[in-house]
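The structure appears below as structure tokens.
Quick caveat, the model's predicted, so the values are computed rather than measured. Protein chains get the first letters and strands the later ones, always in sequence-line order, with residue 1 at the start of each.
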Amino acid sequence: MTNIFRDVRGLILAAIGDLVAHGVLPPGLDLSRVAVEPPRDPAHGDVATNAALVLAGIVKQNPMALAERIAPAIAARQLRSGDFHGGGLGVVAARPGFLNIRLPAAVWHAQLRALLRAGTGYGDTDIGAGARVNVEYVSANPTGPMHVGHGRGAVVGDALAALLAKAGFQVHREYYINDAGAQVDILARSLFLRYREALGEDVGTIPEGLYPGEYLIETGQALAARDGDKWLGASEVEWLGSVRDFAVAQMMALIRADLDRLGVRHDWFASERRLVEAGAIEECLAALDERGLIYTGILAPPKGKTPDDWEPRPQTLFRATRFGDDVDRPLKKSDGSWTYFAADIAYHRDKFRRGFANLIDVWGADHGGYVKRMQAAVRAVTDGAATLDVKICQLVNLFDRGKPVRMSKRAGTFVTLREVVDEVGKDVFRFMMLTRRNDQALDFDFAKVTEQSKENPVFYVQYAHARAASVMRHAAEVFAPEELSDQALAGAALDLLTDPAELALIRQLAQWPRIVEGAAEAHEPHRLAFYLQEVAAQFHMLWNKGRDEATLRFILASDPILTRARLALVRGVALVIASGLAVIGVTPVEEM
RNA sequence: GGCCCCGUAGCUCAGCUGGAUAGAGCACUCGCCUUCUAAGCGAGUGGUCGCAGGUUCGAAUCCUGCCGGGGUCGCCA
């Protein structure tokens, strides 16, 4: 665990502690808002802190004056502890009350050394402290192939899970199978038609309201192969259960195969039907009922817009308004069966009872209106002991050479996730899904994402990694393999890395642990993709400097000592990129 | 109409949970290949952060109200 920013923050807090001990500052200060970060302007040093600005607000003192008292305290503290390689930090108070700190180059060299020793484990942190997190994602209905939107949720969820694991959480990845509602009955009826068709019957066009997709033809044949004609004369009540189970199993196999192709995995597939059959819903609602959170009432029509067929009707309702929702929510349909919401409450309660107090759900844009009620339900059902964060993934708009690819099930231009992944590859798809914040709509152009140019971020980052590998291949012609291992390079004369561009790159690499922590805390895996593009840019820049000035090239035949130091930097770049791509789920390439 | 998300350079988007003169890519102009991958790099041009208030040392960021775009809206999931 090497995070220079965290180390400096520790130093600053210690220095403030010293001031408290000397009575300069009062005890019991809230220091949570003290931030240590790289300043935007390099002229402001290597790291900057707002400590004096934060404290000024608390103790009602002039921030600049405070900064000037804290600055020497930091320097004194550091000299006493001997940390940060002795050298002495330049601590300067600046304008409104910032403290700008310049770290000795040796600190950065030590960061690079630590990076090489940690390998792709660099950036691992323990901010999660082993806490258990449940991440639920995809959860596509088992009624057909997944579309690109599902793919986005799959990647966001999978990368978020990997990110949290890297940040020290104990992560559990779940998929909720909606195999109990009316949808799967429709699926069963649709399949039954294909089944009859497989047995030689002409079923004509698929009626409105059933799934017309051709993917069911094969499944119908499979059902016919398994059961023969045993259902032909039977009534629906007889065949429905068996056909439905078969259909769901087949659809889940299809979905799992697609996820597999994407490299997306889950630890647990939770079945709604199993929850229903185990009586989990009744049990859950009974618990809510005991607390007076369920009642029979009549909902008012949606404000400002009454549906044509609206009629007041008594319903079984959950008091969601007590927990921050806008209206109370129905739990029972008019036919007496549970709503999806009722089952979902039971499911989230089940997660909590299995030991998860940190819940994250990744949903599609069309479920945005569902967030409040689910969070309300989680609060109710766990007495506020669990938190639910919902990541809404906005739409993916498909283009080909700038022209929109219209998605229409009727027109037969429906593009499945499978088709897209087969076309562009899993790595490209995964990276692209993280080039936007999850709540921002994303344009995906088939032509652009496979293009080999810097306009294509996937390529750009991969190219940096491949270039680093290329340098190492050339180095292998000069050095013995044992001289080029990461452990060996960690022992190179890193203090020879003194060029501003080299130090800038090391600083960039040293940010990786901080990026991981920030992204994990915010539940925002896309930050990794953006950071990797910055690392790649820095590296390409340094590469080209070597083109202009031969003395800056990585491999210098005349100077093996300096060469090994630079190779250490090159490996550092490759390791950070590989480390980041691993979280995103993309394979770094050695050559392209 | 209610609720949720979004509005930042001509275009596509970042902006690290309130910090310093608001960043990157594309496009446009100029420059860099006998040499580790030019599949790349450098320099320049380009901004009322939708609008108006408020909170405070300090706001693109937080609050309120408008404007514009998208999603959603009792027994679908």
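Atom CD1 of A:I298 is separated from atom P of B:rC75 by 16 Å (rounded to the nearest Å). Atom CZ of A:R553 is separated from atom C1' of B:rC33 by 12 Å (rounded to the nearest Å). To the nearest angstrom, P of B:rA24 lies 10 Å from CD of A:E534. Look at CH2 on A:W310: it is 13 Å from P on B:rC73, rounded to the nearest Å. The separation between A:N438 atom CG and B:rG71 atom C1' is 14 Å, rounded to whole Å. In this structure, A:Q533 places its CD atom 14 Å from C1' of B:rG15, rounding to the nearest Å. Remark: C1' of B:rG2 and CZ of A:R373 are 13 Å apart, rounded to the nearest angstrom. A straight line from CG of A:D445 to C1' of B:rG25 spans 16 Å, rounded to a whole angstrom.
Proximity note for A:R33 (side chain, C-beta onward) versus B:rG58, B:rA14, B:rG74: the nearest is B:rG58. Distances from the side chain of A:S334 to the nucleotides B:rC75, B:rC3, B:rU35 place B:rC75 closest. With B:rG40, B:rU21, B:rG74 as the candidates, the nucleotide lying closest to the side chain of A:E311 is B:rG74. Closest to the side chain of A:S453, out of B:rU12, B:rG40, B:rG15, is B:rG40. Closest approach to the A:D326 side chain among B:rA77, B:rG23, B:rC3 is made by B:rC3 (side chain taken as heavy atoms from C-beta onward). When distances are taken from the side chain of A:D439 to each of B:rC5, B:rA77, B:rA20, the shortest belongs to B:rC5. Taking every side-chain heavy atom of A:A466 into account, B:rU37 is the closest of B:rC76, B:rA20, B:rU37. Here B:rU72 is the nucleotide among B:rU72, B:rC32, B:rG19 with the atom lying nearest to any side-chain atom of A:D366. Checking B:rU37, B:rC16, B:rC41 against the side-chain heavy atoms of A:E591 singles out B:rU37 as nearest. Nearest to the side-chain atoms of A:A522 among the listed nucleotides B:rA77, B:rU17, B:rC5 stands B:rU17.
Looking at heavy-atom distances under 4.0 Å, A:P63 makes no contact with the nucleic acid at all. Heavy atoms of A:A48 sit under 4.0 angstrom from at least one base atom. Residue contacts for A:I392: at a heavy-atom cut-off of 4.0 Å it reaches no nucleic acid atom on any strand shown. Residue A:D328 is out of contact with every strand shown, counting any heavy-atom pair closer than 4.0 Å. Using a 4.0 Å heavy-atom distance criterion, A:Y460 is classed as a sugar-phosphate-only contact. Using a 4.0 Å heavy-atom distance criterion, A:A365 is classed as a sugar-phosphate-only contact. Contact annotation for A:G546: base contact, defined as any heavy-atom pair under 4.0 Å involving a base atom.
Remark: B:rC3 base-pairs with B:rG71; criterion is Watson-Crick or G-U wobble with both hydrogen-bond distances under 3.5 Å. Both distances falling under 3.5 Å, in either a Watson-Crick or a G-U wobble arrangement, occur for no nucleotide opposite B:rU48. Checking B:rG40 for Watson-Crick or G-U wobble geometry (two distances, each under 3.5 Å) identifies B:rC32 as its partner. In this entry B:rC16 has no Watson-Crick or G-U wobble partner, no candidate having both defining distances under 3.5 Å.
Here the closest heavy-atom approach between residue A:I255 and residue A:N141 is recorded as CD1-O, 3.9 Å.
Atom CG of residue A:L395 and atom CG of residue A:L442 lie 10.0 Å apart, to the nearest 0.5 angstrom.
For A:Y176 and A:Y347, the distance between ring centers is under 6.0 angstrom. Ring centroids of A:F341 and A:Y370 are separated by less than 6.0 Å, placing the two rings close together. In this structure, A:F530 has its ring center no closer than 6.0 Å to that of A:Y460.
Taking the P atoms as reference points, B:rG53 lies 29 Å from B:rU17, given to the whole Å. Here the separation of B:rA22 from B:rC32, taken at their C1' atoms, is 30 Å to the nearest Å. Taking atom P in both B:rG1 and B:rA43, the straight-line distance is 49 Å, to the nearest Å. For B:rG74 and B:rC3, the C1' atoms lie 15 Å apart once the distance is rounded to whole Å. Rounded to a whole angstrom, the distance from the P atom of B:rU48 to that of B:rU37 is 44 Å. Nucleotides B:rG58 and B:rG18 place their C1' atoms 8 Å apart, quoted to the nearest Å. The gap from the P atom of B:rC62 to that of B:rG15 amounts to 12 Å, rounded to the nearest Å. Annotation: B:rC76 and B:rA60 have their P atoms spaced 47 Å apart (nearest Å).
Along RNA chain B, the nucleotide nearest to A:Q440 and the one nearest to A:D41 differ in position, and the one closer to the 5' end is contacted by A:Q440. Nearest-nucleotide mapping onto RNA chain B: of A:A182 and A:A94, the residue sitting toward the 5' end is A:A94.
Ring planes of A:Y463 and A:F459: parallel class, angle under 30° (limits at 30 and 60°).
Comment: A:E502 engages A:R566 in a salt bridge, judged by a side-chain N to carboxylate O separation of less than 4.0 angstrom. Between A:D439 and A:R437 a salt bridge is recorded (basic side-chain N to carboxylate O distance below 4.0 Å).
Contact between the side-chain N/O atoms of A:K333 and the OP1/OP2 oxygens of B:rA77 is found at a separation under 4.0 Å. OP1 or OP2 of B:rG19 has not a single side-chain nitrogen or oxygen of A:H44 nearer than 4.0 Å. Applying the 4.0 Å criterion to OP1 and OP2 of B:rG74, one finds that A:R313 has every side-chain N and O outside that range. The phosphate of B:rG42 (OP1 or OP2) has no side-chain N or O of A:K545 nearer than 4.0 angstrom. Considering only side-chain N and O atoms, A:R437 lies under 4.0 angstrom from the phosphate OP1 or OP2 of B:rC6. Regarding contacts with the backbone of B:rC41, a side-chain N or O of A:K454 is found under 4.0 angstrom from either OP1 or OP2.
Taking the syn range as angles within 90° of 0, the glycosidic angle of B:rU17 is syn. Syn is the glycosidic conformation of B:rC33, whose angle stays within 90° of 0.
Interface remark: the A:H526 side chain does not form any donor-acceptor pair with the B:rA14 base, using a distance-only criterion of under 3.5 Å. Checked by distance alone, A:N100 brings a side-chain donor or acceptor within 3.5 Å of a matching partner on the base of B:rA20. You'll find a donor-acceptor pair under 3.5 Å spanning the side chain of A:N544 and the base of B:rG40, going by distance alone. Applying the 3.5 Å distance criterion, the base of B:rC36 shares no donor-acceptor pair with the side chain of A:R467.
You can call A:F98 stacked on the base of B:rA20; the centres are under 5.5 Å apart and the planes sit within 30°.
For the residue pair A:H523 / A:N438, no side-chain donor-acceptor distance below 3.5 Å is found, with atom types taken as modelled.
Heavy-atom contacts from other residues, nucleotides or ligands closer than 6.0 Å to NZ of A:K448 number 12 or fewer.
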